[in-house]
Amino acid sequence: MIILGIETSCDETGVALYHGERGLIAHALHSQIALHAPFGGVVPELAARDHVRRLLPLVRRIMDDAAIQPRELSGIAYTAGPGLIGALLVGAALGRTLAFAWGIPALAVHHMEGHLLAPFLEPNPPEFPFLALLVSGGHTLLVDVARVGEYRVLGESLDDAVGEAFDKTAQLLGLGYPGGPALAALAEQGHTGRFHFPRPMTDRPGLDFSFSGLKTAAITTLRAAGDDFQTRADIAFAFQEAVVETLSLKCQRALRETGQRRLVVAGGVGANQRLRARITEMATQENCRVYYPRLEFCTDNGAMIALSGWLRFQAGFFEPLIIRARARWPLG
Ligand code: KG4
Ligand code: ZN
């Protein structure tokens with residue numbers, strides 16, 4: 001069984017081929033970072049138009065590279081949401097059209113399910129059940145995962161997603177888009193202990209998050225403490241520590257409450273090295289094991305969608321012939 005995966009929910013055009021026995025046999029990604037950078041964030045209409053330009057040539061390229069003919073494909077999986085509706089529709093329309101033309105089934109995949117299952121692309125994947133911390137630009141979720149397709153959301157952000165908080169704070173600090181990796185790099189120059197930011201919602205029970213207050217803490221500190229390089233780096237450091245500590249604490253709480261022994265950390269912010277170090281340390285203390293996708297599969301990609309499609313087909317999920325895309329779509 002070979003599945004073609006298509007990801008176009010935001011600013012990355014990602015495609016991949018997942019082979020039931022050989023695993024990932026081809027993948028390619030076109031990032032739109034350069035296109036959106038002058039605007040300081042993703043421009044939805046430009047994103048959709050660029051997906052139109054890039055998607056079909058990318059599909060051709062991976063099929064040529066892997067020497068796979070359309071008749072060898074068993075199905076097509078495409079990201080159907082959540083995300084930017086125009087961008088999603090490009091992938092949904094192409095996925096559905098190719099599936100119809102080639103006489104094979106197509107399957108709508110939830111973008112966050114793709115992130116959640118990404119560690120299964122690695123050599124030692126987790127067993128079910130497990131707990132998942134999903135940290136991306138649009139979502140912050142703690143999920144109890146029973147098996148493929150069975151997800152219980154235990155906690156989520158009530159305002160900004162973690163990645164969004166990184167991006168907004170990076171913008172305040174005069175860093176470019178996307179801000180997450182730039183802020184993390186600046187934080188390496190920062191000093192411990194000069195500023196201390198709050199750990200939002202950790203002083204009360206529950207597994208929800210709130211990150212919008214941290215950018216306010218950053219701007220207030222920046223105004224009060226001056227605007228030199230070292231102050232910016234110290235703010236970046238304090239911001240990252242507050243985020244990392246909050247996420248680690250909530251994961252610890254969720255592990256204890258659910259009794260799970262395995263934790264998956266995925267999504268764009270899952271590439272953050274400080275977060276990985278802190279969570280690994282916490283999990284070791286809790287006698288739990290953590291699973292991460294490789295760095296390039298933390299951020300959006302087609303491989304995680306092809307893999308999710310394969311796992312879903314294996315689990316017997318099929319659907320009628322409709323083009324489906326949803327800007328909003330709860331994971332549960
Ligand atoms: O999962 P993703 O590629 O797209 C969405 O589904 O949203 O996540 C993108 C987010 C952006 O906000 C980006 O700034 C953040 O992930 N990000 C990081 C790092 N790498 C990407 N945040 C902090 N540290 C990083 N190293
Ligand atoms: Zn994503």
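Along the sequence shown, residues are numbered consecutively beginning with 1. Just so it is clear, the model here is predicted, and its values are computed rather than measured. Just so you know, ligand 1 is whichever comes first in the structure, and atom 1 is the first atom listed for that ligand.
Under the 4.5 Å side-chain contact rule for hydrophobic residues, Val143 and Val290 do not share a cluster. Put simply, Leu133 and Leu214 are part of the same group of oily side chains (I, L, V, M, F, W, Y) that touch within less than 4.5 Å, one to the next.
No cation-pi contact links Arg147 to Phe128, judged by a cut-off of 6.0 Å to the six-membered ring centre and 45° from its axis.
What sits closest to atom 22 (N) of ligand 1 on the protein, heavy atoms only, is Gly180 CA, 3.4 Å. Of the protein's non-hydrogen atoms, Gly137 N, 3.8 Å is the one closest to atom 9 (C) of ligand 1. When hydrogens are left out, the protein atom nearest atom 3 (O) of ligand 1 is Asp300 N, 3.0 Å; that is the closest non-hydrogen contact. For atom 15 (C) of ligand 1, the closest non-hydrogen atom of the protein is Val269 CG2, 4.0 Å. For atom 21 (C) of ligand 1, the closest non-hydrogen atom on the protein side is Gly268 O, 3.4 Å. Scanning the protein for heavy atoms near atom 6 (O) of ligand 1, the closest one is His111 NE2, 3.1 Å.
Counting heavy atoms only, Asn272 comes closest to atom 24 (N) of ligand 1 of the residues Leu134, Leu183, Asn272. The closest non-hydrogen atom to atom 12 (O) of ligand 1, taken over Thr299, Asp167, Val244, comes from Asp167.
Below 4.0 Å from some heavy atom of Gly138 lie the following atoms of ligand 1, by number and element: 7 (O). If you number the atoms of ligand 1 from 1 as listed, the ones under 4.0 Å from a heavy atom of Gly163 come out as 12 (O).
Aromatic pair Phe239/Phe237: centroids not less than 6.0 angstrom apart. Between His110 and Tyr151, the ring center distance fails the sub-6.0 Å criterion.
In terms of polar-atom proximity, defined here as any N/O pair under 3.5 Å, Pro181 makes no such contact with ligand 1. For Gly179, no nitrogen or oxygen atom sits less than 3.5 Å from a nitrogen or oxygen atom of ligand 1, counting backbone and side chain alike. At under 3.5 Å, not a single nitrogen or oxygen of Ala184, backbone or side chain, sits near a nitrogen or oxygen of ligand 1.
Heavy atoms of His115 approach ligand 1 to within less than 4.0 angstrom.
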One pair to check against salt bridge (Lys or Arg N to Asp or Glu O under 4.0 Å): Glu241 and Arg278. What are the steps and the verdict?
CA-CA 10 Å; Glu241 284 307 297; Arg278 185 69 195 93; over 6 Å; no
Could you walk me through whether Asp64 and Arg61 pass salt bridge (Lys or Arg N to Asp or Glu O under 4.0 Å), step by step?
CA-CA 5 Å; Asp64 287 349; Arg61 194 172 97 201; over 6 Å; no
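Within the 4.5 Å cutoff, the side chain of His30 has heavy atoms near those of the Leu58 side chain. Contact of the Arg289 side chain with the Asn124 side chain is registered, since non-hydrogen atoms from C-beta on lie closer than 4.5 Å. At least one side-chain heavy atom of Gln260 sits under 4.5 Å from a side-chain heavy atom of Pro129. No side-chain heavy atom of Glu296 sits under 4.5 Å from any side-chain heavy atom of Asn301.
By the criterion of a separation under 2.8 Å, the protein N/O/S atoms near the Zn ion (ligand 2) amount to His111 NE2, His115 NE2, Asp300 OD1.
A donor atom on one side chain and an acceptor atom on the other are found under 3.5 Å apart for Gln230 and Asp234.
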For residues 13-23, which side-chain N or O atoms pair as donor and acceptor with protein atoms under 3.5 Å away, sequence neighbours left out?
{"unit_1": "Thr13", "atom_1": "OG1", "unit_2": "His51", "atom_2": "ND1", "d": "2.9"}
{"unit_1": "His19", "atom_1": "ND1", "unit_2": "Glu21", "atom_2": "N", "d": "3.0"}
{"unit_1": "His19", "atom_1": "ND1", "unit_2": "Arg22", "atom_2": "N", "d": "3.1"}

